[in-house]
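Data first, discussion second: the structure below is written as C-alpha coordinates.
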Amino acid sequence: KAGVTQTPRYLIKTRGQQVTLSCSPISGHRSVSWYQQTPGQGLQFLFEYFSETQRNKGNFPGRFSGRQFSNSRSEMNVSTLELGDSALYLCASSFLTTGGRETQYFGPGTRLLVL
Amino acid sequence: AQTVTQSQPEMSVQEAETVTLSCTYDTSENNYYLFWYKQPPSRQMILVIRQEAYKQQNATENRFSVNFQKAAKSFSLKISDSQLGDTAMYFCAFIPSFGNEKLTFGTGTRLTIIP
(Lines give C-alpha, C1' and ligand atoms only; values in the text may rest on other atoms or scores of the structure.)
Protein backbone atom coordinates (compact mmCIF):
# COMPACT_ATOMS: atom_id res chain seq x y z
CA LYS A 1 0.00 0.00 0.00
CA ALA A 2 1.41 3.39 -0.99
CA GLY A 3 2.23 5.79 1.81
CA VAL A 4 1.23 9.40 2.32
CA THR A 5 2.52 11.61 -0.46
CA GLN A 6 3.11 15.34 -0.37
CA THR A 7 3.84 17.73 -3.18
CA PRO A 8 5.89 19.68 -3.76
CA ARG A 9 8.77 18.51 -1.58
CA TYR A 10 10.59 21.84 -1.64
CA LEU A 11 9.35 25.33 -2.28
CA ILE A 12 10.89 28.79 -2.26
CA LYS A 13 8.61 31.80 -2.14
CA THR A 14 8.94 35.49 -1.34
CA ARG A 15 7.12 37.48 1.29
CA GLY A 16 3.59 38.41 0.34
CA GLN A 17 3.09 35.51 -2.03
CA GLN A 18 0.70 32.67 -1.42
CA VAL A 19 1.36 28.94 -1.56
CA THR A 20 -0.65 25.74 -1.86
CA LEU A 21 0.59 22.41 -0.57
CA SER A 22 -0.96 19.08 -1.43
CA CYS A 23 -1.31 15.83 0.49
CA SER A 24 -2.60 12.47 -0.73
CA PRO A 25 -3.43 10.09 2.13
CA ILE A 26 -2.99 6.36 2.30
CA SER A 27 -5.74 4.61 0.37
CA GLY A 28 -8.79 4.16 2.60
CA HIS A 29 -7.76 6.85 5.07
CA ARG A 30 -10.28 9.66 5.31
CA SER A 31 -8.67 11.75 8.02
CA VAL A 32 -5.88 14.14 7.07
CA SER A 33 -4.03 16.33 9.56
CA TRP A 34 -1.49 19.07 8.91
CA TYR A 35 1.41 20.10 11.15
CA GLN A 36 4.02 22.82 10.99
CA GLN A 37 7.50 22.01 12.26
CA THR A 38 10.05 24.70 13.04
CA PRO A 39 13.23 24.62 15.16
CA GLY A 40 11.82 27.20 17.55
CA GLN A 41 8.22 26.04 17.97
CA GLY A 42 8.56 22.33 17.36
CA LEU A 43 5.58 20.47 15.94
CA GLN A 44 2.39 22.49 15.89
CA PHE A 45 -1.02 21.28 14.78
CA LEU A 46 -2.65 23.25 11.99
CA PHE A 47 -5.93 21.46 11.22
CA GLU A 48 -7.59 18.12 10.59
CA TYR A 49 -10.06 17.20 7.88
CA PHE A 50 -12.37 14.23 7.73
CA SER A 51 -14.85 13.57 4.94
CA GLU A 52 -14.30 17.05 3.52
CA THR A 53 -15.07 18.74 6.86
CA GLN A 54 -12.67 20.47 9.18
CA ARG A 55 -12.79 18.60 12.50
CA ASN A 56 -10.24 20.52 14.47
CA LYS A 57 -8.13 23.63 14.06
CA GLY A 58 -4.95 24.78 15.72
CA ASN A 59 -4.00 28.25 16.83
CA PHE A 60 -2.86 29.73 13.55
CA PRO A 61 -3.95 32.96 11.84
CA GLY A 62 -6.58 32.98 9.15
CA ARG A 63 -3.85 33.15 6.48
CA PHE A 64 -3.60 29.39 6.94
CA SER A 65 -6.47 27.49 5.42
CA GLY A 66 -7.16 24.04 4.10
CA ARG A 67 -9.66 21.86 2.40
CA GLN A 68 -10.29 18.24 1.60
CA PHE A 69 -11.68 16.75 -1.55
CA SER A 70 -14.07 13.86 -2.03
CA ASN A 71 -11.14 11.51 -2.75
CA SER A 72 -9.67 12.50 0.68
CA ARG A 73 -6.77 14.42 -0.87
CA SER A 74 -6.13 17.61 1.05
CA GLU A 75 -4.60 20.96 0.31
CA MET A 76 -3.42 23.68 2.60
CA ASN A 77 -2.96 27.26 1.55
CA VAL A 78 -0.97 30.03 3.13
CA SER A 79 -1.67 33.54 1.88
CA THR A 80 0.47 36.65 2.31
CA LEU A 81 3.53 34.67 3.28
CA GLU A 82 5.77 35.90 6.09
CA LEU A 83 9.37 35.00 6.85
CA GLY A 84 8.17 33.10 9.92
CA ASP A 85 6.16 30.74 7.74
CA SER A 86 9.40 29.06 6.68
CA ALA A 87 9.01 25.54 8.01
CA LEU A 88 8.56 21.88 7.27
CA TYR A 89 4.86 21.18 6.68
CA LEU A 90 3.87 17.63 7.50
CA CYS A 91 0.70 15.87 6.51
CA ALA A 92 -0.57 12.77 8.28
CA SER A 93 -3.42 10.43 7.44
CA SER A 94 -5.32 8.00 9.59
CA PHE A 95 -8.23 5.61 9.48
CA LEU A 96 -10.89 7.12 11.71
CA THR A 97 -13.87 5.02 12.80
CA THR A 98 -16.73 5.29 15.26
CA GLY A 99 -14.68 2.94 17.38
CA GLY A 100 -12.00 5.54 17.78
CA ARG A 101 -8.79 6.71 16.25
CA GLU A 102 -6.13 4.84 14.43
CA THR A 103 -2.47 5.64 14.05
CA GLN A 104 -1.45 8.71 12.07
CA TYR A 105 1.05 8.02 9.29
CA PHE A 106 3.11 10.89 8.02
CA GLY A 107 4.20 11.99 4.59
CA PRO A 108 7.74 13.14 3.76
CA GLY A 109 6.83 16.79 4.26
CA THR A 110 7.09 19.96 2.20
CA ARG A 111 9.97 22.23 3.09
CA LEU A 112 8.93 25.85 2.54
CA LEU A 113 11.43 28.67 2.52
CA VAL A 114 10.14 32.25 2.48
CA LEU A 115 12.62 34.91 1.39
CA ALA B 1 -5.38 20.09 27.62
CA GLN B 2 -2.81 17.39 27.22
CA THR B 3 0.92 17.91 27.61
CA VAL B 4 3.84 15.67 26.70
CA THR B 5 7.27 16.16 28.23
CA GLN B 6 10.58 14.76 27.03
CA SER B 7 13.24 15.81 29.49
CA GLN B 8 16.26 14.57 27.54
CA PRO B 9 17.05 16.96 24.66
CA GLU B 10 20.03 14.89 23.50
CA MET B 11 21.44 11.44 24.13
CA SER B 12 24.22 9.39 22.66
CA VAL B 13 25.10 5.74 22.95
CA GLN B 14 27.60 3.32 21.50
CA GLU B 15 26.47 1.05 18.72
CA ALA B 16 25.03 -2.28 20.00
CA GLU B 17 24.24 -0.85 23.42
CA THR B 18 20.81 -0.29 24.92
CA VAL B 19 19.32 3.16 25.42
CA THR B 20 16.13 4.36 27.10
CA LEU B 21 14.32 7.56 26.15
CA SER B 22 11.95 9.10 28.68
CA CYS B 23 8.50 10.58 28.19
CA THR B 24 5.88 11.75 30.64
CA TYR B 25 2.44 13.09 29.86
CA ASP B 26 -0.44 14.75 31.59
CA THR B 27 -4.08 14.08 30.80
CA SER B 28 -7.45 13.59 32.41
CA GLU B 29 -8.48 11.13 29.70
CA ASN B 30 -8.75 7.43 30.48
CA ASN B 31 -8.69 6.12 26.91
CA TYR B 32 -5.86 7.24 24.72
CA TYR B 33 -2.96 6.19 22.53
CA LEU B 34 0.72 6.87 22.98
CA PHE B 35 3.28 6.78 20.20
CA TRP B 36 6.95 7.05 19.58
CA TYR B 37 7.87 8.54 16.22
CA LYS B 38 11.35 8.71 14.74
CA GLN B 39 12.52 11.54 12.49
CA PRO B 40 15.88 10.82 10.81
CA PRO B 41 17.84 13.48 8.92
CA SER B 42 15.56 12.90 5.92
CA ARG B 43 12.81 14.56 8.07
CA GLN B 44 10.31 11.77 7.34
CA MET B 45 8.31 11.09 10.50
CA ILE B 46 8.24 7.33 10.99
CA LEU B 47 6.10 5.42 13.47
CA VAL B 48 8.25 3.35 15.81
CA ILE B 49 5.73 1.92 18.26
CA ARG B 50 2.21 2.45 19.57
CA GLN B 51 0.58 1.71 22.93
CA GLU B 52 -3.12 1.68 23.73
CA ALA B 53 -3.79 2.89 27.27
CA TYR B 54 -6.29 0.14 28.04
CA LYS B 55 -3.66 -2.53 27.37
CA GLN B 56 -1.52 -3.37 30.37
CA GLN B 57 1.01 -5.28 28.29
CA ASN B 58 3.89 -3.17 27.04
CA ALA B 59 4.18 -2.91 23.27
CA THR B 60 7.23 -4.31 21.50
CA GLU B 61 8.45 -4.06 17.91
CA ASN B 62 11.63 -6.01 17.29
CA ARG B 63 14.42 -4.07 19.04
CA PHE B 64 12.02 -1.40 20.32
CA SER B 65 9.94 -1.77 23.45
CA VAL B 66 8.14 0.54 25.82
CA ASN B 67 7.67 0.74 29.55
CA PHE B 68 4.15 2.08 29.98
CA GLN B 69 3.23 3.13 33.51
CA LYS B 70 -0.32 4.47 33.32
CA ALA B 71 -0.62 5.56 36.94
CA ALA B 72 2.66 7.42 36.75
CA LYS B 73 1.82 8.74 33.26
CA SER B 74 5.16 7.58 32.00
CA PHE B 75 5.97 6.10 28.60
CA SER B 76 9.64 5.34 27.98
CA LEU B 77 11.17 3.81 24.85
CA LYS B 78 13.92 1.22 25.06
CA ILE B 79 16.10 0.55 22.02
CA SER B 80 18.13 -2.64 22.27
CA ASP B 81 21.21 -3.48 20.20
CA SER B 82 21.25 0.06 18.85
CA GLN B 83 22.27 0.54 15.23
CA LEU B 84 23.67 3.49 13.30
CA GLY B 85 20.34 3.81 11.50
CA ASP B 86 18.66 4.56 14.82
CA THR B 87 20.29 8.00 14.81
CA ALA B 88 17.34 10.41 14.69
CA MET B 89 15.05 12.72 16.62
CA TYR B 90 12.55 10.74 18.64
CA PHE B 91 9.17 12.23 19.48
CA CYS B 92 6.73 10.97 22.05
CA ALA B 93 3.10 11.73 21.15
CA PHE B 94 -0.34 11.40 22.72
CA ILE B 95 -3.89 11.44 21.41
CA PRO B 96 -7.22 10.67 23.09
CA SER B 97 -9.01 7.69 21.63
CA PHE B 98 -12.17 9.63 20.91
CA GLY B 99 -13.21 13.14 20.09
CA ASN B 100 -11.83 15.89 17.94
CA GLU B 101 -8.44 16.00 19.55
CA LYS B 102 -5.09 16.54 17.92
CA LEU B 103 -1.89 14.57 18.25
CA THR B 104 0.24 16.28 20.93
CA PHE B 105 4.00 15.92 20.60
CA GLY B 106 6.84 16.28 23.04
CA THR B 107 9.83 18.44 22.17
CA GLY B 108 11.89 15.47 21.06
CA THR B 109 15.12 13.72 22.01
CA ARG B 110 18.02 13.81 19.58
CA LEU B 111 19.64 10.37 19.69
CA THR B 112 23.07 9.76 18.22
CA ILE B 113 24.46 6.25 17.83
CA ILE B 114 28.24 6.29 17.96
CA PRO B 115 30.11 3.74 15.83
Side-chain angles (χ1 to χ4, degrees), chain A residues 1 3-6 8-11 23 26 29 31-51 53-60 66 86-113, chain B residues 1-10 23 25 27 29-55 59 61 64 66 68 75 77 88-110:
Chain A
K1 193 181 265 192
V4 179
T5 58
Q6 291 187 245
R9 294 292 311 278
Y10 304 92
L11 209 47
C23 172
I26 292 171
H29 286 188
S31 169
V32 174
S33 298
W34 289 88
Y35 298 85
Q36 181 196 64
Q37 186 177 26
T38 59
Q41 299 296 319
L43 282 150
Q44 292 187 288
F45 172 76
L46 280 155
F47 25 66
E48 179 190 11
Y49 286 87
F50 177 73
S51 293
T53 301
Q54 189 179 84
R55 292 184 82 234
N56 199 356
K57 187 178 189 301
N59 189 25
F60 277 82
S86 295
L88 178 69
Y89 290 88
L90 292 166
C91 163
S93 77
S94 64
F95 186 65
L96 199 62
T97 71
T98 54
R101 291 189 162 276
E102 294 290 330
T103 302
Q104 291 192 21
Y105 294 94
F106 284 81
T110 294
R111 195 185 298 259
L112 172 65
L113 177 62
Chain B
Q2 285 74 224
T3 59
V4 177
T5 302
Q6 293 179 251
S7 58
Q8 305 152 313
E10 292 190 34
C23 172
Y25 58 95
T27 184
E29 300 280 347
N30 193 45
N31 297 304
Y32 50 87
Y33 296 107
L34 291 160
F35 306 91
W36 279 98
Y37 285 93
K38 162 186 174 181
Q39 189 177 41
S42 67
R43 309 303 299 277
Q44 171 91 48
M45 193 75 78
I46 301 164
L47 176 70
V48 174
I49 201 164
R50 154 182 148 148
Q51 175 79 43
E52 289 127 327
Y54 69 87
K55 290 187 176 179
E61 286 287 342
F64 300 88
V66 299
F68 172 49
F75 183 61
L77 174 70
M89 279 288 286
Y90 286 81
F91 292 95
C92 178
F94 167 102
I95 194 166
S97 300
F98 303 97
N100 296 344
E101 294 291 336
K102 62 181 175 69
L103 192 60
T104 300
F105 287 90
T107 51
T109 295
R110 185 177 302 279

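Every chain is numbered from 1 and lettered A, B, ... according to where its sequence line falls, protein lines coming before strand lines. In what follows, every heavy atom counts, from backbone to side chain, and hydrogens, waters and symmetry copies are set aside.
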Quiz prompt | Engaged part of B:E52 at the chain A interface, taking heavy atoms whose separation is under 4.5 Å | solution = neither

Quiz item: Given a strict heavy-atom distance threshold of 4.5 Å, which part of A:F47 is in contact with chain B: side chain, backbone, both, or neither?
Solution: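 When you check distances to chain B, no heavy atom of A:F47 falls under 4.5 Å.
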
Quiz prompt | Structural part of A:Q37 lying under 4.5 Å from a heavy atom of chain B | solution = side chain

Quiz item: Who wins among A:G58, A:G42, A:G107 for the most heavy-atom pairs under 4.5 Å with chain B?
Solution: A:G107

Quiz prompt | Partner of B:M45 by side chain to side chain contact (heavy atoms under 4.5 Å, CB included), out of A:V4, A:L90, A:L88 | solution = A:L90

Quiz item: Can you check whether B:F94 and B:F75 have ring centres sitting under 6.0 Å from each other?
Solution: no

Quiz prompt | Within 6.0 Å of CZ in A:R9, more than 12 heavy atoms from elsewhere | solution = yes

Quiz item: Looking at B:I46, B:T104, B:L47, which has the largest count of heavy-atom pairs under 4.5 Å with chain A?
Solution: B:L47

Quiz item: For the side chain of B:Q51 and the backbone of B:A59, is there at least one donor-acceptor N/O pair under 3.5 Å apart?
Solution: yes

Quiz item: Are a donor atom and an acceptor atom from the side chains of A:Y89 and A:Q36 found within less than 3.5 Å of each other?
Solution: yes

